[in-house]
Amino acid sequence: MGTRFLPATKAIPKEMLPIVDVPTIQYIVEEAVESGIEEILIITNSNKHCMENHFDRSYELESRLTESNKQEECDMICNIANMANIYYVRQKEPKGLGHAILCAKSFIGEEPFAVLLGDDVVENNNGKPALKQLIDAYNEVQASVVGVQTVSDEDVNKYGIVEPSKSSSPVGKRVKLSSMVEKPAREEAPSNLAVLGRYVLTPEIFDFLENQTPGAGGEIQLTDSIKSLMISQSVYAYDFEGIRYDVGDKFGFIKATVEYAMEREELKDKLKAYLRELVKTF
Ligand code: G1P
């Protein structure tokens, strides 16, 4: 519901807040597309219809841009609408991530699928996108893979934390799991490996999501169903490369904004000079 970003999110969904000039949802969709995904389902709610406009053609804007010889801008706007086949389904009540994923059941059918959370933007500077790294790992093991990175002891209570299996050793950046827990207290966390918003899951997850009772925070948790899936199927964690920004958090959003702006040719020199001056005042 974007409560951490009120009042900005009173009328605008948090997924449409721009990092520099691109809405966060577009970064997520681009990562999926760059990872080879062609069909995308966005789980929305009744306040999020402007996302549909963003990924649609806008003939009026396109013709105005063409008339004023702004062909580059026009092409950019068109490309957003042609990136992938994007579908939408509404989650009718905010019952948690597990419940949101369950809304995709009939869209997914019997195939493995990827999940990308809108709050987690991952940048891997021209390297393999985080999701592609997970898809490659999936192709090696033919089993569900969750994307993890190490977090500090103070932060384990914000995430799904995985428990690597003691009976199998890691293969490169991939490790088999024996359990998983959503937002554990520091003293109960089985490791410091946190799930950071990227998953490749087998469709059997829906069998568990359908019967999942509320867990941490009174919500239907994806983590709890993945833990149940481990009883019948192997599940792996993959320690992906890339910098992940929690753009659902104000400070994470500001960091992403500054760092993405630093990557822009038209902004980076001005921004660097400005920041140099600014730090002198601290
Ligand atoms: C969700 C998941 C959690 C995961 C996190 C990553 O939590 O439930 O397991 O670690 O995203 O951002 P949320 O941040 O929605 O509470």
Side-chain angles (χ1 to χ4, degrees), residues 1-5 9 13-15 17 19 24-25 27-28 31-32 42-45 48 91 93-104 113-124 129-131 133-134 144-164 175 177-186 188-201 205 208-209 212-230 235-240 242-253 255-256:
M1 293 180 75
T3 38
R4 288 188 285 177
F5 266 97
T9 49
K14 62 176 175 174
E15 295 82 355
L17 297 179
I19 298 173
T24 58
I25 187 70
Y27 290 105
I28 307 282
E31 182 188 330
I42 302 184
I43 318 287
T44 67
N45 65 32
K48 303 201 178 195
Q91 182 189 20
E93 293 164 86
K95 287 189 181 172
L97 175 60
H99 178 255
I101 305 301
L102 183 58
C103 297
F113 63 101
V115 176
L116 298 96
L117 304 189
D119 279 349
D120 298 291
V121 170
V122 186
E123 171 63 39
N124 192 23
L131 182 63
Q133 298 173 46
L134 263 61
S144 297
V145 182
V146 300
V148 297
Q149 286 188 342
T150 302
V151 297
S152 65
D153 289 347
E154 299 79 69
D155 282 344
V156 289
N157 64 0
K158 294 186 191 159
Y159 299 107
I161 302 292
V162 300
E163 180 171 345
V175 62
L177 301 181
S178 57
S179 192
M180 202 169 158
V181 51
E182 182 68 15
K183 303 192 175 74
R186 189 176 174 162
E188 274 150 31
S191 76
N192 284 55
L193 292 173
V195 180
L196 297 182
R198 298 292 180 273
Y199 312 74
V200 176
L201 300 171
I205 192 72
F208 300 99
L209 285 172
Q212 189 62 59
T213 50
E219 296 189 339
I220 296 177
Q221 296 290 355
L222 179 61
T223 298
D224 294 340
S225 287
I226 298 176
K227 182 181 171 187
S228 305
L229 180 68
M230 282 177 209
V235 176
Y236 294 82
Y238 187 88
D239 189 352
F240 63 89
I243 303 171
R244 170 262 183 187
Y245 300 94
D246 177 5
V247 296
D249 169 73
K250 273 177 222 164
F251 187 54
F253 187 86
K255 279 203 278 191

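Basis for what follows: all heavy atoms, side chains included, without hydrogens, waters or symmetry-related copies. Start at 1 and go down the list; that is how both ligands and their atoms are numbered.
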Would you please test Val121 and Ile28 for side-chain contact (heavy atoms from CB on, under 4.5 Å) and show each step? CA-CA 6 Å; Val121 170; Ile28 307 282; 4.0 Å; yes

Using a 4.0 Å cutoff against the non-hydrogen atoms of Asp120, which atoms of ligand 1 qualify? 6 (C), 12 (O)

Which part of Met180 is near ligand 1, with near meaning a heavy atom under 4.0 Å away: side chain, backbone, both or neither? neither

Could you tell me if the side chain of Met180 sits less than 4.5 Å from the side chain of Val195, heavy atoms only? yes

Ligand-side contact atoms (ligand 1) for residue partner Gln221, heavy atom cut-off under 4.0 Å: 8 (O)

Go through the steps to decide whether Leu222 and Leu201 satisfy the test side-chain contact (heavy atoms from CB on, under 4.5 Å), and finish with yes or no. CA-CA 11 Å; Leu222 179 61; Leu201 300 171; 4.1 Å; yes

Is there a side-chain hydrogen bond (donor to acceptor under 3.5 Å, both in side chains) between Glu15 and Thr24? Walk through the geometry before answering. CA-CA 5 Å; Glu15 295 82 355; Thr24 58; over 6 Å; no

Quick one: do the His99 and Gln91 side chains pair a donor with an acceptor below 3.5 Å? yes

Under-4.0 Å heavy-atom contact between protein and atom 16 (O) of ligand 1: yes

Would you verify that at least one protein heavy atom lies under 4.0 Å from atom 8 (O) of ligand 1, or report that none does? yes

Geometric N/O contact Tyr159 with ligand 1, under 3.5 angstrom: no

Where does Leu117 meet ligand 1, judged by heavy-atom distances below 4.0 Å: at the side chain, the backbone, both, or neither? side chain

On a heavy-atom basis, I'd like to know which of Lys183, Lys158, Glu219 is closest to atom 13 (P) of ligand 1. Lys183

If you measure from the Lys or Arg side-chain nitrogens to the Asp or Glu carboxylate oxygens, is any gap between Asp224 and Lys227 under 4.0 Å? no

Name all residues meeting the salt bridge (charged side-chain N to carboxylate O under 4.0 Å, His left out) criterion together with Glu154; count only those two or more places apart in sequence or in a different chain, and write none if there are none. Arg186

Using a strict cut-off of 4.0 Å, indicate which atoms of ligand 1 neighbour a heavy atom of Gly160. 3 (C), 4 (C), 9 (O), 10 (O)

One finds that the ligand 1 atoms under 4.0 Å from a non-hydrogen atom of Arg244 are 12 (O)

closest protein heavy atom to atom 2 (C) of ligand 1 is Glu182 OE2, 3.6 Å

Got a sec, which residues hit side-chain contact (heavy atoms from CB on, under 4.5 Å) with Asp246, two or more places apart in sequence or on another chain? Arg4, Asp119, Arg244, Asp249

How far is atom 5 (C) of ligand 1 from its nearest protein heavy atom, and which residue and atom name does that atom have? Val195 O, 4.0 Å

Tell me if the aromatic rings of Phe253 and Phe5 count as close, with their centers under 6.0 Å from one another. yes

Taking 4.0 angstrom as the limit and counting only heavy atoms of Thr223, give me the atoms of ligand 1 inside it, by number and element. 9 (O)

